[in-house]
> 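My questions all concern the structure below.
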Amino acid sequence: MTNRELLEEARKARLKSYAPYSKFQVGAALLTKDGKVYHGCNIENASYTPTNCAERTAFFKAISEGDMEFEKIAIVGGKEGTNADDLCAPCGVCRQVMMEFCDLDEFQIILSDGKENIKVMSLKEIMPYGFSPSNLK
Ligand code: THU
């Protein structure tokens, strides 16, 4: 699946966002190494802290279905009523979840400005000097 196709899946996932408080809607599409796509959206809560980001929703859906091998994730986010036209990078907590399950050099994070520009980064680039399961070995 191309990066543009995966971004399109993230845009579909964003349509399911539940963000009545921030009104910032995020969608993620996580591609497994065997070609499955898991959608995730942000899910907010009146008590605020239980809020789950789109990226973690996608990861937790995949892991709970037994998928643990990931190739890349596409993320789009922006205010309700917009087309998510600015790059939306994953928050620190979501980067930490990626550290748990993804290869530092191989796993790619794909962002879009909604126009022609696509930004592709490895997990290593976006999370330098991170803490991972290998630290505990
Ligand atoms: N959000 C995500 O879903 N992913 C990110 O990486 C950044 C933030 C959500 C959480 C919250 O519902 C809203 O965006 C505003 O922070």
Side-chain angles (χ1 to χ4, degrees):
M1 173 167 284
T2 67
N3 291 345
R4 277 184 201 283
E5 285 167 344
L6 198 60
L7 279 162
E8 202 43 53
E9 294 299 316
R11 288 191 176 276
K12 283 186 211 158
R14 181 173 175 254
L15 298 175
K16 304 271 176 33
S17 164
Y18 177 76
Y21 308 107
S22 73
K23 302 197 184 303
F24 191 86
Q25 300 176 320
V26 186
L30 177 63
L31 182 68
T32 66
K33 285 190 179 168
D34 61 0
K36 275 185 234 156
V37 176
Y38 284 94
H39 284 183
C41 62
N42 55 333
I43 304 168
E44 298 188 344
N45 190 280
S47 183
Y48 290 16
T49 51
T51 292
N52 208 56
C53 290
E55 299 89 324
R56 275 177 289 143
T57 302
F59 269 96
F60 296 158
K61 280 174 69 180
I63 290 152
S64 67
E65 295 298 321
D67 275 308
M68 300 204 44
E69 304 267 325
F70 304 111
E71 187 177 322
K72 54 188 176 181
I73 190 168
I75 306 160
V76 293
K79 276 281 178 187
E80 186 183 290
T82 72
N83 278 328
D85 288 334
D86 289 322
L87 298 182
C88 176
C91 80
V93 175
C94 290
R95 293 178 200 204
Q96 186 63 40
V97 168
M98 292 175 196
M99 288 292 287
E100 189 69 24
F101 299 106
C102 304
D103 184 272
L104 267 182
D105 293 300
E106 285 177 11
F107 187 71
Q108 294 193 317
I109 292 122
I110 298 141
L111 310 177
S112 165
D113 69 353
K115 297 161 210 113
E116 281 309 299
N117 292 326
I118 291 179
K119 188 158 181 64
V120 182
M121 287 162 290
S122 68
L123 182 54
K124 195 175 191 174
E125 285 175 288
I126 207 169
M127 189 70 166
Y129 302 103
F131 190 82
S132 75
S134 65
N135 290 98
L136 297 177
K137 283 185 184 143

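Keep in mind it's a predicted model, so treat the numbers as computed, not measured. For ligands, and for the atoms within them, numbers begin at 1 and follow the listed sequence.
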> What residue and atom, counting heavy atoms only, is the protein's closest point to atom 9 (C) of ligand 1, and at what distance?
N42 ND2, 3.6 Å

> Going through the distances and angles, do F101 and F107 end up as a ring-ring contact (aromatic ring centres under 6.0 Å, His included)?
CA-CA 10 Å; F101 299 106; F107 187 71; over 10 Å; no

> Closer than 4.0 angstrom: is that true for some heavy atom of A89 and an atom of ligand 1?
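Judged by the 4.0 Å heavy-atom criterion, A89 does count as contacting ligand 1.
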
> In terms of atom number and element, which parts of ligand 1 are under 4.0 angstrom from non-hydrogen atoms of S22?
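Listed by number with element: 13 (C), 15 (C).
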
> Hey, are the side chains of M99 and M127 touching, using non-hydrogen atoms and a 4.5 Å cut-off?
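Yes, at least one pair of side-chain atoms sits under 4.5 Å.
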
> May I ask you to check whether C53 has an N/O atom sitting below 3.5 Å from an N/O atom of ligand 1?
no

> Nearest protein heavy atom to atom 16 (O) of ligand 1: under 4.0 Å?
no

> Quick check: closest heavy atoms across S112 and R11, and the distance to 0.1 Å?
OG-NH2, 4.1 Å

> Do you know the tightest heavy-atom contact between K79 and S22?
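Nearest pair, atom of K79 first, then S22: NZ-O, 2.6 Å.
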
> Is it true that the side chains of N42 and S17 contain a donor and an acceptor less than 3.5 Å apart?
yes

> Please name the pair of heavy atoms, one in T57 and one in C41, separated by the smallest distance, quoted to 0.1 Å.
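Heavy atoms of T57 and C41 come nearest at OG1-O, 2.9 Å.
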
> Are the charged groups of K36 and E71 less than 4.0 angstrom apart, N to O?
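Looking at K36 and E71, the cut-off is not met.
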
> I need the nearest protein heavy-atom contact for atom 12 (O) of ligand 1: residue, atom name and distance, please.
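Its nearest protein heavy-atom neighbour is E44 OE2, 2.5 Å.
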
> Check each heavy atom of C88 against ligand 1 and say whether those closer than 4.0 Å belong to the side chain, the backbone, both or neither.
neither

> I'd like to know whether ligand 1 has A19 as a neighbour, heavy-atom separation below 4.0 Å.
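Checking ligand 1 against A19, which is what was asked, there is no heavy-atom contact under 4.0 Å.
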
> For atom 6 (O) of ligand 1, grab the closest protein heavy atom and report residue, atom and distance to one decimal in Å.
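So the nearest neighbour among protein heavy atoms is E55 OE2, 2.7 Å.
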
> Under 4.0 Å from a heavy atom of C91: give me the atoms of ligand 1 that qualify, with their elements.
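Matching atoms, with element in brackets: 5 (C), 6 (O).
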
> List ligand 1 atoms under 4.0 Å from P90, heavy atoms only on the residue side.
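Under 4.0 Å from P90, ligand 1 has these atoms: 6 (O).
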
> Would E116 and R4 count as a salt bridge (charged side-chain N to carboxylate O under 4.0 Å, His left out) if you check the C-alpha gap in whole Å, the side-chain angles of each, and the deciding distance to 0.1 Å?
CA-CA 10 Å; E116 281 309 299; R4 277 184 201 283; 3.8 Å; yes

> Does any N or O of ligand 1 fall below 3.5 Å from an N or O anywhere on T51, backbone included?
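The answer is no, given that T51 and ligand 1 share no N or O pair closer than 3.5 Å.
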
> Which heavy atom in C88 sits nearest to a heavy atom in I75, and how many Å separate them?
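The pair with the smallest heavy-atom distance is O-CG2, 3.6 Å.
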
> What protein heavy atom is closest to atom 3 (O) of ligand 1, reported as residue, atom name and distance in Å?
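Answer for atom 3 (O) of ligand 1: A54 N, 2.9 Å.
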
> Looking at ligand 1, does any of its N/O atoms fall within less than 3.5 Å of an N/O of N52?
no

